[in-house]
Amino acid sequence: MYGLLDCNNFYVSCERVFQPRYEGRPVVVLSNNDGNIISRSAEAKALGLRMGDPYFQVKELLHQHDVAVFSSNYALYGDMSRRVMWYLGQTAPAVEVYSIDEAFLDLAGLEKYHGSLDTFARKIRAGVKSRTGIPTCVGVAPTKTLAKLANRIAKKNPDLGGVLYLDNAERRAWALTQVEVGDVWGIGRQYAAKLAAAGVGTAADLARVPDAWARKHLGGVVGARLVQELQGRPCAGLHPSEDGTLSRQSLSCSRTFGRPLSAFSDVLGAVSAFLSRAAEKLRAQGDTAHVLTVYISKNRFATNVQPPFSRSATLTLPIGPTADTTVLLSYARALLNRLWEPGTVYHKAGVVLDGLEPPGVGQQLTLFAPTPPEPENKREEKTAATGRPALMASLDALNSRFGKGTVRLAAAVPAPGRGGVVGKAHAAPWEGKAQWRSPAFTTRLEDLLIVQ
DNA sequence: TCTGGGGTCCTAGGACCC
DNA sequence: TCTGGGGTCCTAGGACCC
């Protein structure tokens with residue numbers, strides 16, 4: 001049996017833990033750059049605010065109803081998530097951290113100790129609430145897809161007390177009739193439209209779709225598995241997360257700029273900063289990367305801009321995998337050069353690291369001098385392949401101790417600070433808005449909550 | 001004026017290998 | 001007129017997830 005524990009309105013709930021005056025009031029949290037609504041309290045949902053609504057379109061409505069608005073505060077949400085996941089790890093035999101606010105639990109054999117899985121689910125839900133302040137719902141079922149479905153029904157029906165256990169065939173059959181096909185895990189907009197056209201309206205209808213049809217119209221083997229899982233036959237196993245943290249197969253960092261940029265140096269500054277961040281994540285995960293992608297995008301909403309809105313360039317590193325920011329950056333610069341169209345106004349940029357593996361696995365000694373980066377001297381040539389693990393470790397240690405961005409590569413620092421000037425750095429031209437960011441209550445000493 | 005960010009998995013086609 | 005079979009690797013793109 002699988003459990004799926006999902007935090008309710010996670011970002012809003014995190015804000016409320018530290019500022020309980022927002023309980024009972026409509027609250028929303030905005031995406032980066034204060035662009036779109038990405039988390040809503042129940043009261044905000046009741047006002048008709050939708051996930052993804054652009055802020056500027058609903059500004060009036062928010063004001064009219066005195067909705068509390070927050071910029072996203074990932075330092076806070078990430079830390080609260082870690083606390084939730086740590087507790088789950090202490091309590092359930094195996095945990096797969098699925099996202100910042102969700103985890104699958106392996107509940108096999110737990111009836112013995114807790115009477116029923118329903119009882120266990122209620123205990124773990126109460127435990128998360130008392131230890132972190134975060135409200136959750138739990139779905140329990142024989143497959144992951146059904147556990148997601150059960151969780152959804154528990155969320156929509158408060159009288160269930162936050163838990164739904166699909167312990168027998170009758171209950172499962174009933175649950176399938178309660179959920180529209182578009183709300184099934186794995187059915188997005190495109191598939192929902194196709195299914196509607198084929199007369200498939202509920203999860204129950206979808207569970208009866210022939211295997212061949214699912215294969216043909218729902219993404220091949222993915223669709224076939226989905227249907228089987230709805231029928232109660234598990235196709236997806238649990239992939240336990242070590243010590244409650246996610247280990248990724250790819251890592252990326254991208255941002256929409258605070259304003260449109262058309263100077264190469266500005267966009268290079270952004271790419272450098274994003275690459276530095278991605279490489280930090282890479283080292284934190286204890287991996288190296290073999291493949292690097294850089295992309296730059298135009299404004300896809302502008303009427304005078306034609307597709308393609310985004311261009312990307314990917315490179316398999318000729319020197320093999322590395323976790324060295326300086327090495328990666330020299331390749332990123334070359335990729336950006338390849339993509340650059342002078343006179344174009346750019347809106348967003350991003351960096352992706354792929355082909356992740358632990359250090360030492362695929363170390364490649366170069367037969368020919370790597371190009372780029374063109375090593376400037378013998379010492380450079382030596383470090384090009386191996387990187388500078390000690391330098392990177394020092395960088396990470398300093399930034400961990402004194403705060404993010406304390407030590408950066410010059411290329412990632414906006415112009416006025418270039419050259420290692422000490423003091424408060426200028427805001428970079430690519431940096432976006434965050435007008436309503438709450439304090440980092442749990443990760444910055446200066447931001448600690450003061451109780452009087 | 002203002003429209004997010006970070007992931008996963010799968011497929012298809014081309015280049016290349018023996 | 002006729003032009004193999006079985007692979008791998010890489011890239012791009014689509015669909016989905018939270």
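Residue numbers start from 1 in every chain, and the chains themselves are labelled A, B, ... in the order their sequence lines are given, proteins ahead of strands.
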**OP:** Quick one: stems involving DNA chain C, counted as three or more successive Watson-Crick or G-U pairs, both distances short of 3.5 Å.
**Re:** B:5-18 with C:5-18
Give [X] one of three labels, base, sugar-phosphate or nothing, depending on what nucleic acid heavy atoms sit under 4.0 Å from its own.
X         : result
Tyr191(A) : sugar-phosphate
Asp101(A) : sugar-phosphate
Leu218(A) : nothing
Val29(A)  : nothing

**OP:** Kindly say if Lys148(A) contacts the phosphate of dC17(C), meaning a side-chain N or O under 4.0 Å from OP1 or OP2.
**Re:** no
Original post:
Quick one: Trp436(A) CH2 to dC2(B) C1', roughly how many Å, whole number?
Top reply: 10 Å
Subject >> Ion pair check, Asp396(A) and Arg283(A), cut-off under 4.0 Å >> reply: yes
**OP:** For Lys123(A), look at atom NZ and say whether over 12 heavy atoms of other residues, nucleotides or ligands are found less than 6.0 Å away.
**Re:** yes
Subject >> Asp101(A) versus Ser99(A), side-chain donor and acceptor atoms under 3.5 Å >> reply: yes
**OP:** Determine, for nucleotides 4-15 of chain B in 5'-to-3' order, which nucleotides have protein heavy atoms under 4.0 Å from the base (write B), from only the sugar-phosphate (write S), or from neither (write -).
**Re:** BSSSSSS-----
List, one per line, each side-chain donor-acceptor pair under 3.5 Å for residues 337-346 of chain A, sequence neighbours excluded.
unit_1: Glu341(A); atom_1: OE2; unit_2: Arg311(A); atom_2: NH1; d: 3.2
unit_1: Thr344(A); atom_1: OG1; unit_2: Glu341(A); atom_2: O; d: 2.9
unit_1: Tyr346(A); atom_1: OH; unit_2: Glu341(A); atom_2: N; d: 3.1

